[in-house]
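See below for the structure under consideration.
In what follows, chains carry the letters A, B, and so on, assigned in the order in which the sequence lines appear, proteins first and then strands, with residues in each chain numbered from 1.
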2 protein chains.
Amino acid sequence: MAEPIRVASGFGREFPGCDPARAEALANLIRAANEALGELDRRRRTLSNLSASGFEALAVLDGASVPLTGTDIANHLLVTTASITSLLDTLAGRGYIERQPHPIDRRKTLISITKTGRQLVDEMLPIVHTTATQLLDELSPSQLETFVSVCTHLRNRVEQLSELPPPMPRPRRRPTPRIRTSDHV
Amino acid sequence: MAEPIRVASGFGREFPGCDPARAEALANLIRAANEALGELDRRRRTLSNLSASGFEALAVLDGASVPLTGTDIANHLLVTTASITSLLDTLAGRGYIERQPHPIDRRKTLISITKTGRQLVDEMLPIVHTTATQLLDELSPSQLETFVSVCTHLRNRVEQLSELPPPMPRPRRRPTPRIRTSDHV
DNA sequence: TATTGTTATACTCTATAACTATA
DNA sequence: TATAGTTATAGAGTATAACAATA
């Protein structure tokens, strides 16, 4: 039975200026996302041995309804165009996408999802949404809405803070360990 | 300004049996965690060019107060022992850990964090907790507690469901696209 | 026989830098 | 000059399989 991740009792003294409740929330967020992604990955790989990025690129192409350029997809996935080239090579090799020259701007390549790719997305999305429905059952609409609000608040803070230089945190006040190094055997 | 991720209006019809509110919650969870991890990674790399796994292994060693075996660390990070060997090679090469033979069980290797490694952890943890304090400001204790509850609920469901065969989801009912493929230019 | 850790090998993702073609 | 995409190269993390040493 998984329990909430909690910080140690001396947290406030050990990390001056840091809020234990927020540290716990962030730790629980990251752990929960990691475990959810693991379960999603496990289920998606029953369909095709693609990475999360591969599935995401296909979902973006499917959702767009029109062919996208490599740069479009790179922006969605927040990676460089060189990385997208490599990812698209994988997807093309498995027959999920096709490249076509852009009819007007000859620098560009249009990426289309193939019929096979659409079939894969049609099988993949129900798996993802069924997983969400299972993992977040028994929670009230209000709990889910609060949850989404916290996620959105965090994303806005990331947006603001990522443009600033990182702050200089107050130093750790390391607690005296209760267990000695020589006790390890 | 980041907005909550929402599913399209026809979600319920498109994915029978799936709950749009839960699909939205999972999408927001994964996105928020991804962006938070990006910001954490950016800030931690001002200290040392280590991966998230590298920092996590050091934090585990620091928190344990006693040397751990490779298998111990592998269990914490949920990876294979072969992967841990590679990760520990990186950490040892940068002087953050040391390997010592286990005094009793000669199959084992004890991993100790070095003084340099401790100094790194002492600088890294305040960065992490300060980031959490910044990213989750202006939220009430009750909001944070609800957030942690939802994360924990999800983790328990992952624990239960990961042991079962994946369910057979009901098929997608693909909506008729409003934009035709030929509109892409 | 089972466990611990390592090596060998392979694959994927990602990045930077240099390059071509095009706008 | 700037943009789009590719190639070359490199590095990290992860996995599986085979292996040696030890319990």
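- Protein atom CG of A:N49 is 13 Å distant from nucleotide atom C1' of D:dT16, rounded to whole Å.
- Ranking C:dT4, D:dG5, C:dT6 by closeness to the B:T71 side chain, first place goes to C:dT4.
- In this model, a side-chain donor or acceptor of A:R107 finds a partner on the base of D:dT3 within 3.5 Å.
- B:R94 comes within 4.0 angstrom of sugar-phosphate atoms only, judged by non-hydrogen atoms across all strands, and of no base.
- Within 4.0 Å (heavy atoms only), B:S86 reaches at least one base atom of the nucleic acid.
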Check against side chain to side chain donor-acceptor pair (under 3.5 Å), B:T130 and B:T133: CA-CA 5 Å; B:T130 298; B:T133 301; 5.9 Å; no
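- Nearest approach of A:V7 to A:P20, heavy atoms of both residues: CG2-CB, 3.7 Å.
- Rounding to whole angstrom units, CZ of residue A:R42 and P of D:dA15 are separated by 12 Å.
- Between A:T80 and C:dA15 there is a side-chain polar atom (N or O) within less than 4.0 angstrom of OP1 or OP2.
- B:F147 and A:F147 have parallel rings, their planes meeting at less than 30° on a 0 to 90° scale where 60° marks the start of perpendicular.
- A residue-by-residue look at A:R106 and A:L78 shows that A:L78 has its nearest nucleotide of DNA chain C further toward the 5' end.
- Annotation for B:T114 and B:I97: closest pair CG2-C, 3.7 Å, computed over non-hydrogen atoms.
- The side chain of B:A82 sits closest to C:dA8 out of C:dT16, C:dT4, C:dA8.
- The distance from the CD1 atom of A:I73 to the OG1 atom of A:T81 is 12.0 Å, given to the nearest 0.5 Å.
- In terms of position on DNA chain C, the residue among A:V79 and A:D105 whose nearest nucleotide sits closer to the 5' end is A:V79.
- Residue contacts for B:S53: at a heavy-atom cut-off of 4.0 Å it reaches the sugar-phosphate backbone alone, with no base atom in range.
- When rounded to the nearest whole Å, the span between CG of A:N34 and P of D:dT14 equals 10 Å.
- In this structure, B:D72 atom CG and C:dG5 atom P are separated by 8 Å, rounded to whole Å.
- If you take CG of A:L87 and C1' of C:dT14, they are 11 Å apart, rounded to a whole angstrom.
- Rounded to a whole Å, the NE2 atom of A:H102 is 15 Å from the C1' atom of C:dA21.
- Atom CZ of B:R99 is separated from atom P of C:dT7 by 8 Å (rounded to the nearest Å).
- Contact annotation for A:S83: base contact, defined as any heavy-atom pair under 4.0 Å involving a base atom.
- With rounding to whole Å, A:L37 atom CG is found 20 Å from C:dT12 atom P.
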